[in-house]
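See structure below.
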Amino acid sequence: MNKKLTLAFAALLAPVLMLAQPNGGGRRMVQVSSPVVNADNTVTFNYRNDSAKDVKVNVQFAGTHDMAKNSDGIWTVTLGPAAPDMYPYCFIVDGINVMDPLNPDWFPNETFKNSILDMRADGNLLHSVRDVPHGSVDYVNYKSSTLGVYGNAIVYTPAGYDENKDKRYPVFYLISGTTDTEEVYFKVGRVNFILDNLIAEGKAREMIVVLPYGNPSKYFPAGTRMPVRGDAFSTDLLNDLMPFVEANYRTINDRDHRAIGGFSRGGNQGLAFGLTHLDKFSYLCSYSSFTSMTLPGVYDDADKLNSQLHLFWLGVGTDDFLYGNAKEYMDFLDSKGINNVKEFTTDKFGHTWMNAKFFLGKTLPLLFQ
């Protein structure tokens, strides 16, 4: 079952809270929205809760700050300035983390529930929605014989896909992080807009991008044993999701036209699967991640591995909590004589989706060239 969302220039406006307040003998209406990006790139956060005793906001670019209750009964604070980008944040209300009820943009994660501050600037960000041809995004359900359930995935097809019925495309399997859903590379990573922009500029090839769900154990209630032992994600990807994609989309089905990668745990999953299935993949991308240095038979013959891989790309922030592990893996590859491309950042708040978007901008132009 597919639901197609054709994305053009739709932008959600934050809801507005209208408060009736005393004003002498009558009432006045107070308009409240949140968050508010000010002209100087400071950001005002507003929250209404009449019973709260203490309210804070935690936002990626500034950390945790107290909010003060104003004369209209609104908890508010202004922070920044911040560089335009996308930042997760939440309110901490009497010790409990809550999303911003006035903001429709939220982070689809299975553990934390943050809202998203989208500072759009002047359309010059890598992920900005620009006046270019836009691809489509499908939410798909596919039958997983491995898991005995219908799995979830998201598939991006480039602009013109529906019109060019005879054209086939390379495919990039792109996996989100530890507790992320399959939506995160779409709603937070904005891979569709990034790729739309790069294709329009002639900097990237047209391709299909598949966003798998990386934690299949969550399909089952707690305490329920999955019907497959071992690495359920990889087994499902190989036996169910990839055949579904190849049967339902016009992909070029050889190793020279397949890439795999991901962020955090998804990077580990992508590297481990790609390195052990080099008959199917020749482009590997790791974003803020690493994988095992003891994969059987993988690292024994550097010349053979180098000849099989068109791209082995690894990026991480030096302030990322996984930097030590990622750097150790890079050093290991170098010690074995295995070719790889490295990218380090210092200014994107560590293990963040700011880095994930930045790394996409670096790697998408390198795929399938």
Side-chain angles (χ1 to χ4, degrees), residues 1-7 107-110 134-158 161-162 168-196 206-220 226-228 231-253 257-274 277 280-281 283-285 287 289 353 356-357 360 364 367:
M1 176 181 178
N2 295 0
K3 294 190 296 182
K4 180 162 287 187
L5 303 177
T6 302
L7 300 175
F107 200 118
N109 187 280
E110 295 174 334
H134 288 275
S136 298
V137 173
D138 297 351
Y139 280 69
V140 302
N141 300 114
Y142 63 95
K143 188 173 182 179
S144 173
S145 58
T146 297
L147 302 171
V149 298
Y150 279 86
N152 302 325
I154 291 177
V155 181
Y156 163 90
T157 52
Y161 177 86
D162 291 334
R168 293 188 170 271
Y169 299 82
V171 59
F172 182 21
Y173 290 84
L174 182 60
I175 313 160
S176 292
T178 303
T179 57
D180 297 325
T181 73
E182 70 280 4
E183 289 188 296
V184 177
Y185 254 117
F186 167 40
K187 291 188 173 180
V188 185
R190 300 289 175 91
V191 60
N192 53 315
F193 294 138
I194 294 172
L195 195 47
D196 288 340
E206 293 178 330
M207 68 185 76
I208 292 170
V209 181
V210 180
L211 311 181
Y213 177 52
N215 193 9
S217 65
K218 291 293 182 69
Y219 287 131
F220 302 91
M226 288 193 297
V228 60
D231 185 354
F233 171 81
S234 295
T235 305
D236 172 73
L237 178 62
L238 179 64
N239 295 335
D240 299 295
L241 180 55
M242 288 178 62
F244 171 86
V245 169
E246 292 168 7
N248 289 277
Y249 292 88
R250 299 192 307 275
T251 55
I252 304 174
N253 301 322
H257 295 90
R258 291 196 197 99
I260 191 167
F263 174 73
S264 192
R265 184 198 63 183
N268 171 36
Q269 289 171 311
L271 289 182
F273 188 82
H277 293 84
K280 300 188 180 301
F281 294 93
Y283 295 84
L284 308 180
C285 300
Y287 310 139
S289 189
W353 279 85
K357 295 196 299 291
L360 278 178
L364 288 171
L367 299 181

Among residues at least two apart in sequence or on other chains, which ones pass ring pair (Phe, Tyr, Trp, His ring centres under 6.0 Å) with Phe263?
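Phe263 satisfies ring pair (Phe, Tyr, Trp, His ring centres under 6.0 Å) with His351, Trp353 only.
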
Residue list, ring pair (Phe, Tyr, Trp, His ring centres under 6.0 Å) with Phe273, at least two apart or on another chain
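For Phe273 the ring pair (Phe, Tyr, Trp, His ring centres under 6.0 Å) partners, ignoring immediate neighbours, are His277, Phe281.
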
Smallest separation among heavy atoms of [X] and [Y], with atom names:
X      : Y      : answer
Pro216 : Leu147 : CB-CD1, 3.7 Å
Pro227 : Gly148 : CG-N, 4.4 Å
Glu182 : Ile154 : O-CD1, 3.7 Å
Leu241 : Pro212 : CD2-CB, 3.7 Å
Ala232 : Thr146 : O-CG2, 4.4 Å
Gly270 : Ile260 : O-CG2, 3.5 Å

Would [X] and [Y] count as having a side-chain donor-acceptor pair, cut-off 3.5 Å?
X      : Y      : answer
Asp180 : Tyr213 : no
Asp138 : Tyr249 : yes
Asp236 : Tyr219 : no

Check: His134 main-chain N/O paired with Asp196 side-chain donor or acceptor under 3.5 Å
no

Donor-acceptor contact present, side-chain Asn152 to main-chain Asn141, <3.5 Å:
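Judged by distance alone, no pair lies under 3.5 Å.
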
Looking at residues at least two apart in the chain, or sitting in another chain, which of them share a salt bridge (charged side-chain N to carboxylate O under 4.0 Å, His left out) with Glu206?
Lys167

Lys218: which residues meet the salt bridge (charged side-chain N to carboxylate O under 4.0 Å, His left out) condition with it, sequence neighbours left out?
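Testing Lys218 for salt bridge (charged side-chain N to carboxylate O under 4.0 Å, His left out), a comparison that skips the adjacent residues, returns Glu110.
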
Residues which pass side chain to side chain contact (heavy atoms under 4.5 Å, CB included) with [X], listed by chain and number, not counting sequence neighbours:
X      : answer
Ala259 : Phe172, Tyr283, Leu367, Phe368
Pro108 : Trp106, Thr181, Glu183, Val184, Lys187, Val188
Ser217 : Asn215, Met226
Ser289 : Asn268, Ser286

Does anything in residues 243-253 pair up under salt bridge (Lys or Arg N to Asp or Glu O under 4.0 Å), and if so which pairs, sequence neighbours excluded?
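Every salt bridge (Lys or Arg N to Asp or Glu O under 4.0 Å) pair that includes a residue of residues 243-253, provided the two are not neighbours, is Glu246-Arg258.
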
Does [X] reach the side chain of [Y], with side-chain heavy atoms less than 4.5 Å apart?
X      : Y      : result
Val191 : Tyr156 : no
Tyr173 : Leu211 : no
Leu195 : Met207 : yes
Val210 : Leu174 : no

Inter-residue atom distance [X].[atom1] - [Y].[atom2], 0.5 Å rounding:
X      : Y      : atom1 : atom2 : result
Arg265 : Thr178 : CZ    : OG1   : 5.5 Å
Lys357 : Tyr185 : NZ    : OH    : 10.5 Å
Ile175 : Ser264 : CD1   : OG    : 11.5 Å

What residues, two or more places apart in sequence or in another chain, satisfy side-chain hydrogen bond (donor to acceptor under 3.5 Å, both in side chains) together with [X]?
X      : result
Thr251 : Asn253
Thr179 : Asn109
Tyr287 : Thr363

Yes or no on side chain to side chain contact (heavy atoms under 4.5 Å, CB included) for Phe220 and Val149, after CA distance, side-chain angles and deciding distance?
CA-CA 9 Å; Phe220 302 91; Val149 298; 4.1 Å; yes

Stepwise side chain to side chain contact (heavy atoms under 4.5 Å, CB included) check, Val137 with Val155:
CA-CA 6 Å; Val137 173; Val155 181; over 6 Å; no

Please test Lys280 against Met242 for side chain to side chain contact (heavy atoms under 4.5 Å, CB included), starting from the C-alpha separation and ending with a verdict.
CA-CA 10 Å; Lys280 300 188 180 301; Met242 288 178 62; 4.1 Å; yes

Does the side chain to side chain contact (heavy atoms under 4.5 Å, CB included) test come out yes or no for Leu364 and Ile194, once each step is laid out?
CA-CA 9 Å; Leu364 288 171; Ile194 294 172; 3.9 Å; yes

Hey, can you tell me if Tyr161 and Tyr169 have their rings parallel, tilted or perpendicular (30° and 60° cut-offs)?
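Answer is tilted, since the angle falls between 30° and 60°.
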
